[in-house]
Amino acid sequence: MEPEKLSSGSRGKPIRCRAAVSRKPGEPLVMEEIIVAPPMPHEVRIRIICTSLCHSDIIFWKMKDFPGIFPRILGHEAIGIVESVGEDVNEVTEGDTVIPTFMSQCGECADCRSTKSNLCTKFPFKVSPFMPRYETSRFTDLNGEVLYHFLFVSSFTEYTVVDIAHVTKIDPAVTPSRACLLGCGISTGVGAAWRTANVEEGSTVAIFGLGSIGLAVAEGARLCGATRIIGVDVNQQKFEIGKKFGLTDFVDPANCENKSVSQVIIEMTGGGADYCFECVGLASLVQEAYACCRKGWGKTVVLGVDKPASLVSLPSREILHGGKNLMGSLFGGLKPKSDIPLLLNRYVDKELQLDEFVTHEVRFEDINKAFDLLIQGQCLRCVISMCNE
């Protein structure tokens, strides 16, 4: 069966399109033509409009051991149009605008039916190289070699196939280059303050690490009405950037004299921050965040991803006597299908800031430039447009 070059009349047939393929760890992505198979039952084939680069893409692009696997199509912050649907798909139809997400929401399991969790039991999060229901790939190169999936999305391609449990239908009127940001990073940060921590009006927040996710936590805390938002980072320039997202104070670990960061924050806040967020991915910072969390009611939320074998050590006496909470937050505790549309509404109503996170935009052909910008720390989010215009 000869693959179609364009989507017109391509329903049920393979599509031939361009993709930026990661062939070897740390090497520039290779722009090549690939074959995208039609969707299986419960799957959707999507034409990607634009995609954003997330630091998680960089981590797995560099990873030499499993779950790093090659050749692979990376990318997981995106927006697209449904080109075709497989059997038993009723939520979306051809032409719908959708955001694919690494988090699933089957709508059927106990967790999806509960307001207490966003961790779908039927399709639990894992770093798989395949589709979630069938453990197979929908991508091959022109030589017939399998190309692996990434985080159930794989958006660095003109067409991708995503399970319906990972697809959220949205209003097509929202600007695509902004809506795509809610596929991962910004949703994670804003959601961690809003859904996971439930930051209260008038509270004090401390954020360890002011990359895109840390700044998104600040944005979420601002929306929740936090009075004081303290940023902790080794880059002094992040304070000025963070002010637009609600940052009120800044702590540079290098300028704490003989005190730890936790001691400084405890003194600043008169006993510790009500809510602390670790957004770097270092066990030592989780411990520091927990230490400066207010006793009795403080919450420490972990968003950063450390190495798999990393351990967090906390004195058992401090756990017992401190009365604090320590919790993780995957995708900010958000349920994609229900919460992403709410965040988009807040953006349309000019409450949630998304424009300010986009510092660069490039064409698909220049995707490796986006990698360079993020690695060099020159951007928050770089949006990659699939359009040739």
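Since the structure is predicted, the reported quantities are computational estimates derived from the model, not experimental observations. Side chains are part of it too, since the values below use all heavy atoms of this structure and drop only hydrogens, waters and symmetry mates.
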Next on the checklist: For Glu257, I'd like to know if atom CD has over 12 heavy atoms of other residues, nucleotides or ligands within 6.0 Å.
Outcome noted: no
Checklist entry - Of all heavy-atom pairs between Phe371 and Leu29, which one has the smallest distance, and what is that distance? => result CE1-CD1, 3.7 Å
Checklist entry - CD of Glu361 to SG of Cys379: how many Å apart, nearest 0.5 Å? => result 11.5 Å
Item to check | Distance (rounded to the nearest 0.5 Å) between Met103 CE and Leu334 CG | outcome: 9.0 Å
Checklist entry - Looking at Phe156, Phe130, Phe139, which hits ring pair (Phe, Tyr, Trp, His ring centres under 6.0 Å) with His149? => result Phe139
Checklist entry - Taking Thr160 for the side chain and Val153 for the main chain, is one N or O donor matched with an acceptor at less than 3.5 Å? => result yes
Next on the checklist: Under a 3.5 Å cutoff, is there a donor and acceptor pairing between the side chains of Arg113 and Thr115?
Outcome noted: no
Checklist entry - Going by heavy atoms in the side chains, are Glu135 and Ser128 under 4.5 Å from each other? => result yes
Next on the checklist: To the closest 0.5 Å, what do you measure between CD1 (Ile79) and CG (Leu344)?
Outcome noted: 7.5 Å
Checklist entry - What's the verdict on salt bridge (charged side-chain N to carboxylate O under 4.0 Å, His left out) for Arg16 and Glu33, showing C-alpha distance, side-chain angles and the deciding distance? => result CA-CA 7 Å; Arg16 181 167 168 168; Glu33 289 199 331; 2.6 Å; yes
Checklist entry - For the residue pair Thr97 and Pro172, what are the closest heavy atoms and their distance? => result OG1-CB, 3.3 Å
Checklist entry - After noting the C-alpha distance and the side-chain angles of Arg133 and Glu43, does the key distance pass the salt bridge (charged side-chain N to carboxylate O under 4.0 Å, His left out) rule? => result CA-CA 9 Å; Arg133 293 179 201 254; Glu43 295 179 352; over 6 Å; no
Item to check | Residues Ser260 and Ser262: side-chain donor-acceptor under 3.5 angstrom | outcome: yes
Under 3.5 Å, which donor-acceptor pairs link side chains of residues 59-71 to any protein atom two or more places apart or in another chain?
| from | atom 1 | to | atom 2 | distance (Å) |
| --- | --- | --- | --- | --- |
| Trp61 | NE1 | Glu27 | O | 2.7 |

Checklist outcome for this item: Closest non-hydrogen atoms of Leu223 and Glu351, given as atom of the first, atom of the second and distance, are CD2-O, 3.4 Å
Next on the checklist: Hydrophobic clusters here meaning ILVMFWY residues chained together by side-chain heavy-atom distances under 4.5 Å, can you tell me if Met386 and Leu74 are in one?
Outcome noted: yes
Next on the checklist: Main chain of Asp96, side chain of Lys169: is a donor-acceptor contact present, judged purely on distance under 3.5 Å?
Outcome noted: no
Next on the checklist: Main chain of Ser177, side chain of Thr175: is a donor-acceptor contact present, judged purely on distance under 3.5 Å?
Outcome noted: no
Could you list the donor-acceptor pairs under 3.5 angstrom formed between side-chain atoms of residues 49-56 and any protein atom two or more places apart in sequence or on another chain?
| from | atom 1 | to | atom 2 | distance (Å) |
| --- | --- | --- | --- | --- |
| Thr51 | OG1 | Glu77 | O | 2.7 |
| Thr51 | OG1 | Ser155 | OG | 2.8 |
| Ser52 | OG | Glu77 | OE1 | 3.1 |

Checklist entry - Same cluster for Val280 and Leu314 if Ile/Leu/Val/Met/Phe/Trp/Tyr side chains link at under 4.5 Å? => result no
Item to check | From NE2 (His360) to CD1 (Ile384), nearest 0.5 Å | outcome: 12.5 Å
Next on the checklist: Do Ile58 and Leu303 land in one hydrophobic cluster if side-chain heavy atoms of ILVMFWY residues count as linked below 4.5 Å?
Outcome noted: yes
Next on the checklist: Between His42 and Asp163, is there a side-chain donor-acceptor contact under 3.5 Å, judged purely by atom types and distance?
Outcome noted: no
Checklist entry - Do Val190 and Leu342 share a hydrophobic cluster (ILVMFWY, side-chain heavy atoms under 4.5 Å, transitive)? => result yes
Checklist outcome for this item: When Glu158, Glu94, Glu83 are each screened for salt bridge (charged side-chain N to carboxylate O under 4.0 Å, His left out) with Arg45, the one that passes is Glu83
Checklist entry - Hey, are the side chains of Asn255 and Gln236 touching, using non-hydrogen atoms and a 4.5 Å cut-off? => result yes
Next on the checklist: I'd like to know if the side chain of Lys299 and the backbone of Phe277 have a donor-acceptor N/O pair within less than 3.5 Å.
Outcome noted: no
Next on the checklist: Treating Ser104 as the side-chain partner and Cys106 as the backbone partner, does any N or O pair qualify as donor plus acceptor under 3.5 Å?
Outcome noted: no
Checklist entry - Do Val286 and Leu326 have side-chain heavy atoms sitting under 4.5 Å apart? => result yes
Next on the checklist: Taking the basic N atoms (NZ, or NE/NH1/NH2) and the acidic carboxylate oxygens, is any pair closer than 4.0 Å for Arg23 and Glu32?
Outcome noted: yes
Checklist entry - Can you tell me if Tyr275 and Asn198 form a side-chain donor-acceptor pair at under 3.5 Å? => result no
Checklist entry - Does Lys324 count as lying over the ring of Tyr290, i.e. NZ or CZ under 6.0 Å from the six-ring centre, within 45 degrees of the axis? => result yes
Checklist entry - Are any side-chain N or O atoms of Ser212 and backbone N or O atoms of Leu380, one a donor and one an acceptor, separated by less than 3.5 Å? => result yes
Checklist entry - Do Pro341 and Asp171 come close enough that some side-chain heavy atom pair is under 4.5 Å? => result no
Checklist entry - Measuring from Leu142:CG to Ile34:CD1, what's the distance to the nearest 0.5 Å? => result 9.0 Å
Next on the checklist: Is there a side-chain contact between Leu343 and Asp339 in this structure, where contact means two heavy atoms from C-beta onward sitting under 4.5 Å apart?
Outcome noted: no
Item to check | Residue pair Glu219, Glu356: steps toward the side-chain contact (heavy atoms from CB on, under 4.5 Å) verdict | outcome: CA-CA 11 Å; Glu219 174 70 0; Glu356 290 75 9; over 6 Å; no
Next on the checklist: Between Ser137 (side chain only) and Leu147 (backbone N and O only), is there a donor and an acceptor less than 3.5 Å apart?
Outcome noted: yes
Checklist entry - Would the number of heavy atoms belonging to other residues, nucleotides or ligands and lying under 6.0 Å from CD of Gln237 be above 12? => result no
Checklist entry - Below 4.5 Å, heavy atoms only, C-beta onward: do Leu181 and Val383 meet side chain to side chain? => result yes
Next on the checklist: Whether the side chain of Asp306 engages the backbone of Ala283 through a donor-acceptor N/O pair (distance < 3.5 Å, no angle test) should be reported.
Outcome noted: yes
Next on the checklist: Do Val161 and Met40 sit in one hydrophobic cluster, given that two such residues count as connected whenever their side-chain heavy atoms are within less than 4.5 Å of each other, even indirectly?
Outcome noted: no
Item to check | Parallel, tilted or perpendicular: rings of His166 and Phe152 (30°, 60°) | outcome: tilted
Item to check | Asp111 to Ser117 - nearest heavy-atom pair and separation | outcome: OD1-OG, 3.1 Å
Checklist entry - Would you say the side-chain atoms of Gln105 pair up with the backbone N or O of Cys112, donor to acceptor, closer than 3.5 Å? => result no
Item to check | Option among Asp252, Leu247, Leu210, Val232 that satisfies the side chain to side chain contact (heavy atoms under 4.5 Å, CB included) test with Lys238 | outcome: Leu210
Checklist entry - Going from SG on Cys279 to CG on Leu285, what distance comes out if it is rounded to the nearest 0.5 angstrom? => result 10.0 Å
Checklist entry - Which atom pair, heavy atoms only, marks the closest approach of Gly332 to Arg195? => result O-CB, 3.5 Å
Next on the checklist: side-chain contact (heavy atoms from CB on, under 4.5 Å), that's the test. Do Arg138 and Thr136 meet it? Break it down for me.
Outcome noted: CA-CA 7 Å; Arg138 301 292 168 269; Thr136 53; 2.8 Å; yes
Next on the checklist: Please find the pair of heavy atoms, one from Cys256 and one from Val251, that lie closest to each other, and give the distance.
Outcome noted: SG-CG1, 3.7 Å
Checklist entry - So, the side chain of Asp355 versus the backbone of Arg178: is there a donor-acceptor pair under 3.5 Å, distance only? => result no
Checklist entry - Within a strict 4.5 Å, meaning less than it, do heavy atoms of the Val85 and Thr93 side chains meet? => result no
Next on the checklist: Side chains of Gln353 and Arg222, heavy atoms from C-beta outward: is any pair under 4.5 Å?
Outcome noted: yes
Item to check | Of Val217, Thr196, Asn118, the residue whose pairing with Ser329 passes side chain to side chain contact (heavy atoms under 4.5 Å, CB included) | outcome: Thr196
